[in-house]
Amino acid sequence: MRHHISFYVGDTLHHLSDLPPELTLLDWLRDQQGRTGTKEGCNEGDCGACTVLVGRLEQGQLVWRAVNACIHLMWMLDGAQLLTVEDIRGPDGALHPVQQAMVDEHGSQCGFCTPGFVMSMVALSTRANLAELEGTLDGERVINEALAGNLCRCTGYAPIVRAMKKAALYCARNGEPIGARTAEITARLRQLHDGQTVELTSREGRVTLPASANALATAYAADPAAVLVAGGTDVGLWVTKRLRRLPHIIAVRSAQDLHQCGLRPDGALWIGAAVTYSEAMPLLVAHLPAAEDTLRRIGSTQVRNAATVCGNIGNASPIGDGPPIFMAAGAELHLRCAQERRVVPLEDFFLDYGKQDIRPGEFIEGVLVPPLAQGSVCGVYKVSKRFDQDISAVMGAFVLRMGADGTIQDARLAYGGMAGIPRRASGAEAAMRGQPATQATLYAAQAAVKEDFTPLSDMRASAWYRTTVAANLLARLFEPLMPGSPPAAQTLQNWQEVAHG
Ligand SMILES: Cc1cc2nc3c(=O)[nH]c(=O)nc-3n(C[C@H](O)[C@H](O)[C@H](O)COP(=O)(O)OP(=O)(O)OC[C@H]3O[C@@H](n4cnc5c(N)ncnc54)[C@H](O)[C@@H]3O)c2cc1C
Ligand code: FES
Ligand code: FES
């Protein structure tokens, strides 16, 4: 067992042992290291002013990920290479191509957001597939996605996007300076990996970084009052916004065997507890193509780089985007307490608001998502006030298993934002089962979904809005199944006629 964490900042190797469990990377950088280039804006993962680059070995390869330092707990850096905005100039002091492009394109006014933008832009510039950016619409999408977690309130985004394109094209043709150091940084990170469990103790508390799922199970069974932290994109806010003390944290992402993500022989997709949304994305999108647009709108690139798929389930939020998707797909959750394992259908895990089917000392080892049956129709829709970086008002994920004769053999309709937990719409499902995909079936299901839920009115949406949207999303699902049907916009009125008698 080791009693310190080791990581690089720039070219300096740090070993730290005396760490308060809740110390954030941002506070450490600014208060203890004087690295004030990294800014504090919102302190909750929303604005991107604190963006830094974390390099890690993923399947042996060095991968750079932009993360929000304000909600990244310091101990998470074990085994990593950190780069802040102070580290990206060349050895001769030359600006990084991204910085030069920001100057050339007038991408900064007050400059407060600028270091965070620059770090997100550098993260994109280090990607191997830069050639795809070359002037295509797809390139715009790649850029917008990379910058969606950074807010600017004075320059405006157009010059920043122009700077990003310019820098990306420059790096695609001439190479990117940090990428040029890949072999050297990979070698130094390999030396940091000793496969040991880490136990940090300080006056303020303790952090356990188990090296394996077995070590995690043992540590958590011994202290079920400890707080499990995976990516910390929820727990980080308990610290920065609710000022909560966390006297014993047990890390999830240090367990190497929980990083597995892949297809099983029967075609089901296994996502281990340590797998982030960014890591799972390629396989998830291939597995559930209809979910792609929603998955790319979970938080921002910085959030998805830290947030785990299983943390999105473990937090049991009624407005989490992952649970309805996995529920509609028929996923099962694999739970473990000490050496005892059990499997529950995901929909049975959520019992009531803030209450899940999980015992003290039990944790999620992974989620198994079965393949969709042949001929299934799948629709996944996230409805939020802003397109990017916003929490859902309503989230609908639907899978219809169609018979050869065009009837709906089975329907799994899962919603978020409609109740205290993510839940299936059992009445609407019953209205569809065994029926042809016709206007009459749609209206019956729309009327039933109104009875399935009694949503709340809150700052995101009124109960009326939520119920109306929940019904209209079914029209969106049915639209391609009913050639010549009226457009979805008209079905709102039709549905209201049905709903209000
Ligand atoms: C700016 C911002 C934007 C966001 N946007 C979205 C969004 O658009 N959609 C969305 O769905 N979510 C969003 N979130 C919420 C959050 O990012 C997700 O819920 C994320 O997937 C949580 O994963 P994590 O690994 O960071 O969890 P953590 O913060 O590490 O943990 C969350 C909870 O799950 C528990 N937990 C973690 N791992 C396990 C495990 N293996 N077993 C049992 N319990 C476990 C923890 O104890 C804790 O209670 C956003 C968050 C931020 C900060
Ligand atoms: S300070 Fe706003 S995302 Fe960190
Ligand atoms: S330059 Fe002022 S907020 Fe972006």
Side-chain angles (χ1 to χ4, degrees), residues 24-26 38-52 67-73 76 102 106-117 148-157 159-160 213 216 220 226-241 246 249-253 255 258 272-277 294-300 302-325 333-336 349 356 358 362-367 382 384 386 388-392 395 416-417 422:
T24 65
L25 171 56
L26 182 62
T38 307
K39 304 297 181 217
E40 176 177 329
C42 62
N43 220 11
E44 60 181 33
D46 266 320
C47 74
C50 64
T51 304
V52 294
V67 301
N68 294 311
C70 65
I71 52 173
H72 212 71
L73 298 177
M76 290 177 171
M102 284 288 269
H106 307 283
S108 175
Q109 287 190 49
C110 81
F112 199 83
C113 67
T114 309
F117 266 103
N150 292 82
L151 298 184
C152 176
R153 285 297 171 260
C154 29
T155 300
Y157 297 99
I160 300 174
L216 195 162
Y220 200 29
V227 172
L228 287 184
V229 180
T233 58
D234 284 312
V235 175
L237 273 67
W238 304 356
V239 171
T240 61
K241 296 293 149 176
L246 305 173
I249 286 176
I250 299 179
V252 173
R253 300 206 66 224
L258 294 181
V275 179
T276 64
Y277 267 109
T294 297
L295 291 168
R296 291 189 186 285
R297 288 172 58 205
I298 292 183
S300 58
Q302 291 95 317
V303 169
R304 293 190 300 276
N305 282 346
T308 59
V309 173
C310 291
N312 201 207
I313 296 168
N315 75 1
S317 163
I319 44 175
D321 290 324
I325 299 174
L333 210 53
H334 288 236
L335 298 165
R336 174 171 179 184
F349 179 68
Q356 299 91 50
I358 195 159
E362 195 171 41
F363 65 99
I364 302 166
E365 268 200 308
V367 61
K382 169 169 175 161
S384 57
R386 290 191 322 184
D388 284 315
Q389 177 77 308
D390 203 359
I391 302 289
S392 298
M395 161 79 202

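Whatever order the structure lists them in is the order used to number ligands and atoms, beginning at 1.
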For G45, the atoms of ligand 2 under 4.0 Å from one of its heavy atoms are 3 (S)
Is a side-chain donor-acceptor pair under 3.5 Å present for S392 with D321? yes
Applying a heavy-atom cut-off of 4.0 Å, say which part of I298 lies close to ligand 1: side chain, backbone, both or neither. both
Angular separation of SG (C42) and SG (C47) seen from atom 2 (Fe) of ligand 2, to 10°: 110°
contact_flag W238 ligand 1 heavy-atom lt 4.0 Å: yes
Can you list the atoms of ligand 1 that are under 4.0 Å from a heavy atom of Q389? 1 (C), 3 (C)
What's the shortest distance from atom 18 (C) of ligand 1 to any protein heavy atom, and which residue and atom give it? N312 ND2, 3.4 Å
Could you tell me, atom by atom, which parts of ligand 2 come under 4.0 Å of a heavy atom of D46? 3 (S)
Within less than 4.0 angstrom of ligand 1, does G232 place any heavy atom? yes
Heavy atom of R253 under 4.0 Å from ligand 1? no
Using atom 4 (Fe) of ligand 3 as the apex, give the angle to atoms SG (C152) and SG (C113), rounded to 10 degrees. 100°
What atoms in ligand 2 come closer than 4.0 Å to a heavy atom of G41? 1 (S)
